[in-house]
Amino acid sequence: MNEHQPAEPAPEPQTGSSAVPDAQSPHAKSPEALSPDSAPSPAFPDAAGPGSASPSPASPEPASPEPVSPSPGPAVAGAAQGRSHARRVPARYGVVMLLCTLAAYVIDQLTKAWVVSTMSEGQVIPVLPTLLSWRFIRNPGAAFSIGTDYTWVFTIIMVVVAVAIALQVRNIASWGWSVALGLVLGGALGNLTDRLLREPSFGQGHVVDFIALPNFAIFNIADSAVVSGVVLICILTLRGIGMDGRRSSDTQAAARAADAPEGRTGERDGDGR
């Protein structure tokens, strides 16, 4: 050995966690041998370095409050309910009107047929002396024998009245109006049948009247139905009840609420104005 040959430096001992075991060493452990429990866990999440940012769980953003729409006032709700009510009129009101029309018409025609078949014109049959009697006459005019020379005018009027009432069937939502218009329509059709089908000619037929009261005009069942229906219509009108079943005060309040500016309906300030 050459004395002047420098000696090889001794390997520096590896200390701490920087020492890496040699793969060829029998004491080296494979990564599979390391259990998850034996793996060192960093004490702090920032131990990887100042430049690395550890992912942090995203905090939920506060939900923005939804805008609350002001609740409609009672008048606006009434207006909407009224419009919905007008669009969906139950059929039972029309059925009641139809039944009243048929009842007035059938009873009128049956009684007239009975009078014509059992009595002679001008005959008087006492029913309740001094109060009620049957007296058969043929009337070419209106009540109290008005307009006897213009029979065709009353025929046209009754046709117009019957058509006008029939067109209102879909708008009726009141029991009172159903009965009233049904009676008027039945009476108008009863007398119109006489005008069209009885003597002396089509459209100018004479109406059969037979109910006689003291100091009063002679009339028939159709006339009674028309007068009863008109009286009931007057009562309903005075009470402010319309054909839709609502009072006029409620209808006016609903109309004012519908025309009011949005957002100010039903609101009042602190002074109550």
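This structure is a prediction, so every number in the text was calculated from the model and none was measured.
Under the 4.5 Å side-chain contact rule for hydrophobic residues, Val230 and Met158 share a cluster. Residue Ile165 is grouped with residue Val160 when hydrophobic side chains (ILVMFWY) are merged at heavy-atom distances under 4.5 angstrom, including chains of intermediate members. Cluster membership check: Leu232 shares its hydrophobic cluster with Tyr105, using side-chain heavy-atom separations under 4.5 Å among Ile, Leu, Val, Met, Phe, Trp and Tyr. Residues Val124 and Phe219 do not share a hydrophobic cluster, clusters being chains of Ile/Leu/Val/Met/Phe/Trp/Tyr side chains in contact below 4.5 Å. Both Leu197 and Ile156 are members of a single hydrophobic cluster when ILVMFWY side chains are connected at heavy-atom separations under 4.5 Å.
Residues Lys112 and Ala222 come closest through the heavy atom pair NZ-CB, 4.4 Å. Taking all atoms of both residues into account, the shortest heavy-atom contact from Ala212 to Ile218 is CB-CG1, 4.2 Å. Taking all atoms of both residues into account, the shortest heavy-atom contact from His206 to Arg198 is O-CD, 3.7 Å. Of all heavy-atom pairs between Glu121 and Ile137, the closest is CG-CA, 4.4 Å.
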Without placing hydrogens or testing angles, list every side-chain donor-acceptor pair under 3.5 Å for residues 172-187, not counting sequence neighbours.
residue: Ser174; atom: OG; partner: Gly176; partner atom: N; Å: 3.4
residue: Trp177; atom: NE1; partner: Ile241; partner atom: O; Å: 2.9
residue: Trp177; atom: NE1; partner: Gly242; partner atom: O; Å: 3.4
residue: Ser178; atom: OG; partner: Tyr93; partner atom: O; Å: 3.3
residue: Ser178; atom: OG; partner: Ser174; partner atom: O; Å: 2.7

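Atom-to-atom distance recorded for Arg239:CZ and Ile235:CD1 is 9.0 Å, nearest 0.5 angstrom. The structure places CZ of Phe216 at 12.5 Å from CG of Leu132, a figure rounded to the nearest 0.5 Å. Here the straight-line distance linking atom OG of Ser133 with atom CD1 of Ile211 works out to 10.5 Å at 0.5 Å rounding. Taking CD1 of Ile157 as the start and CZ of Arg195 as the end, the distance is 10.0 Å to the nearest 0.5 Å. A distance of 9.0 Å separates CG of Asn220 from CG of Asn139, quoted to the nearest 0.5 Å.
Around the CZ atom of Arg135, the shell of radius 6.0 Å holds no more than 12 heavy atoms that belong to other residues, nucleotides or ligands.
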Check your understanding: Can you list the steps and then say if Val208 with Thr111 is a side-chain contact (heavy atoms from CB on, under 4.5 Å)?
Key -> CA-CA 10 Å; Val208 174; Thr111 53; over 6 Å; no
Exercise for review: Go through Ser120 and Phe136 one step at a time and tell me if the side-chain contact (heavy atoms from CB on, under 4.5 Å) criterion holds.
Suggested key: CA-CA 7 Å; Ser120 60; Phe136 177 23; 5.6 Å; no
Exercise for review: Could you walk me through whether Arg138 and Val116 pass the side-chain contact (heavy atoms from CB on, under 4.5 Å) test, one step at a time?
Suggested key: CA-CA 10 Å; Arg138 296 180 183 272; Val116 172; 4.3 Å; yes
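Put simply, the side chain of Asn191 never gets that close to the backbone of Val207: no donor and acceptor are under 3.5 Å apart.
Inter-residue side-chain proximity for Met119 and Phe210 is flagged as unmet; no heavy-atom pair is nearer than 4.5 Å. Counting heavy atoms from C-beta outward, Asp209 and Val115 have side chains that stay 4.5 Å or more apart.
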